[in-house]
Amino acid sequence: MNQTASSPASMTSGNAQDPQGSRFVRACLRRPVDRTPVWFLRQAGRYMPEYMAVRKHHTLLDICRTPEIAAEVTITAAERLEVDAAIIFADLLLPFTPMGLDFEFVAGEGPVVHQPIRSLVQVQALRTDRAEELSYVARAIEQVTAHFSPPRADGDQLGIIGFIGAPFTLASYMIEGGSSRNYVESKRLMYASAEPGHPDSAAWPLLQEKLLTVLVAYASQQVEAGADVIQIFDSWAGALSIPDYTQFCLPATTELVRRVQALGVPVIYFGVDTASLLPTMRRTGADVLGLDWRVDLAQAWRGLDYAVAVQGNLDPIALFASQDLLRTRTEEILRAAAGRPGHIFNLGHGIVPGTPVENVIEVARIVREFRA
Ligand code: CP3
C-alpha cells in the first residue's frame, strides 16, 4: 500500500464506503460537512435498557465474541440515539487472549489479569501469531456494515468505527493486572528500558513491538470487514509526563498510527487528561485527536494549529444536568468549534451507568439541529 499519500481516504480499501457520503468520515479528514457529526463514547453500554436486556442473558465477553449479538447491540445504540457513527461493540482487552494472557471482567471491579506481566521472560512468552482468533470482531463489523449500507433518509452514510487500544494503555492493563491509580509497575518496567544492564531492560520495547504486531493485524481485519475509521484508545496516556510519553510511548504509537492509516482509513487518537500532552500526541500523525472536557476546545484546537481534526468534548457527567444546562453546554462546544471543518461532537470520555438515556438522545438532537 502507498504509505506516503497525505490523505488516507484517497486510497480507500476495496470495500470501504465512499467517504463523500459520510459526514462523519469527511469531518475526520477536515473536509466541509453540512452539519457537525455526532456520536458518543460508550454509546452502547449499561446506561441503556436495551443493552442491559441483552446483558441479562450474556456475559460481556459472550456479547463481544458472538457477532450477531455484538452487531445487534452496536446497531440498536446507533439507531436509538440517531447518531452519525456506530462504534463496534467490543473491548480493548480482547487481544490479550490470543496473546496468551488470561483475563476476566469481575463485576464492580473491571478487568482482572490473573498473571500480570512483570518481567522480560513473561513478555517473551506472549504470542503474536494468533490475531486471526479475533476475527469474530470483523464478522460483527461485516453485519453492521451491511445493515447500514443503504444511505439514511438525509442521504448520509453512517460511519462505522473499529477500534484498538494503544500500546501504553494496553501494556498498563497487562502489567498492573487491572485498572490502576499510579501505574507504578508499568512505569517501573518502562524506566527499566532506559537502564542498560537491568535484567528486564528489553521487556518494555519488546512488549510495545509485540502489541504493535497484533494491533496492526487486528485493525487490518476490522478495516477489511468495513470499518471506515479506526479509533485508538490511549485512555490512560494522561498519566504520563511529556518526556516519558515522548521517550517511551510516542515511537510505537506513531508507528501504529502510520500502519493503520496505510490500511486506507483515518485514525482517531483518544486519551483522557491529556491537555498538556496534546501537542506531543499530535506528533503521532493521527487525523483526529480526542479532547476531554477539561480543555477549552477553541483554545486547544488553536494550539494544534487546526492541523488535525478534533473530537469532543462534553463532560459525560453533564448528561445528568437539566436539559436547559445541557443545551447550553452543548451549544458552547459547537460555538467554540465555530463550524470549522474537522469537528466531531462527542463526550470527553464514556457515558457512565445511570445516565438518563433521554438526555443522550437530546444532545444528539441539539447537535443535529444546530446551525452556526
Ligand atoms: O459503545 C461502546 O463504546 C461500547 C464498546 C466498548 C466497550 N469497551 C464495551 C464495554 C468500548 C469502546 C470499550 C473500550 C474500552 N475497554 C476501554 C477504552 C474506553 C475508555 O473508557 O477509555 C477500556 C479502558 C476498556 C477496558 C474495560 N472494559 C474496563 C476498564 C471495563 C470496566 C469499566 C466499568 O465501567 O466497569 C470494561 C467493561 C466494559 N466494556 C463495559 C462495556 C459496555 C461495561 C461492563 C459490562 O457491560 O459488564
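When a ligand or atom number is given, it counts from 1 through the structure's own listing order.
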For atom 37 (C) of ligand 1, what's the nearest protein heavy atom and its distance? Phe105 CE2, 3.5 Å
Looking only at non-hydrogen atoms, the one of Arg46, Arg55, His58, Met48 nearest atom 45 (C) of ligand 1 is Arg46
Atom 11 (C) of ligand 1: closest protein heavy atom, distance to 0.1 Å, is Phe163 CZ, 3.5 Å
Looking at atom 4 (C) of ligand 1, what's its closest protein heavy atom, distance included? Ala44 O, 3.3 Å
Logged contact type for Leu60 with ligand 1, heavy-atom cut-off 4.0 Å, is side chain
Nearest candidate to atom 29 (C) of ligand 1, where distance is taken over non-hydrogen atoms, out of Gly290, Pro111, Gly110: Pro111
Quick one, Arg23 with Asp84, criterion side-chain contact (heavy atoms from CB on, under 4.5 Å). Give me CA distance, side-chain angles, the key distance, then yes/no. CA-CA 8 Å; Arg23 65 171 69 86; Asp84 297 303; 3.1 Å; yes
Atoms of ligand 1 close to Phe89 [distance to a heavy atom under 4.0 angstrom, numbered from 1]: 4 (C), 5 (C), 9 (C), 43 (C)
Check for a donor-acceptor pair, side chain of Glu176 on one end and backbone N or O of Glu185 on the other, with a separation under 3.5 Å. yes
Is it the case that the side chain of Thr66 and the backbone of Asp62 share a donor-acceptor pair, with hydrogens and angles ignored and the cut-off at 3.5 Å? yes
Near Ser235 (heavy-atom distance under 4.0 Å), the atoms of ligand 1 are 18 (C), 19 (C), 20 (C), 22 (O)
For Ser135 and Gln221, which I'm curious about, is there any donor-acceptor pair between the side chains at under 3.5 Å? no
I'd like the name of whichever of Phe270, Phe233, Phe103 reaches closest to atom 19 (C) of ligand 1 through any heavy atom. Phe233
Please say whether more than 12 non-hydrogen atoms of neighbouring residues, nucleotides or ligands are located less than 6.0 Å from CZ in Arg371. yes
Got a sec: does the CD of Gln115 have more than 12 other heavy atoms crowding it under 6.0 Å? no
Closest protein heavy atom (residue, atom, distance) for atom 20 (C) of ligand 1: His349 NE2, 3.1 Å
What's the shortest distance from atom 15 (C) of ligand 1 to any protein heavy atom, and which residue and atom give it? Arg42 NH2, 3.5 Å
Nearest protein heavy atom to atom 23 (C) of ligand 1, by residue and atom, and its distance? Leu92 CD2, 3.3 Å
Which of the listed options, Ala78, Gly178, Ala90, Gly45, holds the heavy atom that is closest to atom 9 (C) of ligand 1? Ala90
How about Arg46 and Tyr51: do any of their side-chain heavy atoms sit closer than 4.5 Å? yes
Assess Arg340 against Tyr306: is NZ or CZ under 6.0 Å from the centre of the six-membered ring, and within 45 degrees of the ring's axis? yes
Does the side chain of Thr59 come within less than 4.5 Å of Phe105's, by heavy atoms? no
Verify the distance criterion only: is there a donor paired with an acceptor across the side chains of Tyr173 and Trp236 at less than 3.5 Å? yes
I'd like to check which ligand 1 atoms, numbered from 1 as shown, lie under 4.0 Å from a non-hydrogen atom of Ile87. 1 (O), 2 (C), 3 (O), 12 (C)
Give a yes/no verdict on whether any heavy atom in Glu109 is under 4.0 Å from an atom of ligand 1. no
When you look at Asp273 and Arg294, which way does the salt bridge (charged side-chain N to carboxylate O under 4.0 Å, His left out) test go after all the steps? CA-CA 7 Å; Asp273 237 330; Arg294 297 172 186 87; 3.8 Å; yes
Closest to atom 40 (N) of ligand 1 among protein heavy atoms sits Asp91 OD1, 2.8 Å
Of all protein heavy atoms, the one nearest atom 47 (O) of ligand 1 is Tyr51 OH, 2.6 Å
Work out whether the distance between some heavy atom of Tyr173 and some atom of ligand 1 is less than 4.0 Å. yes
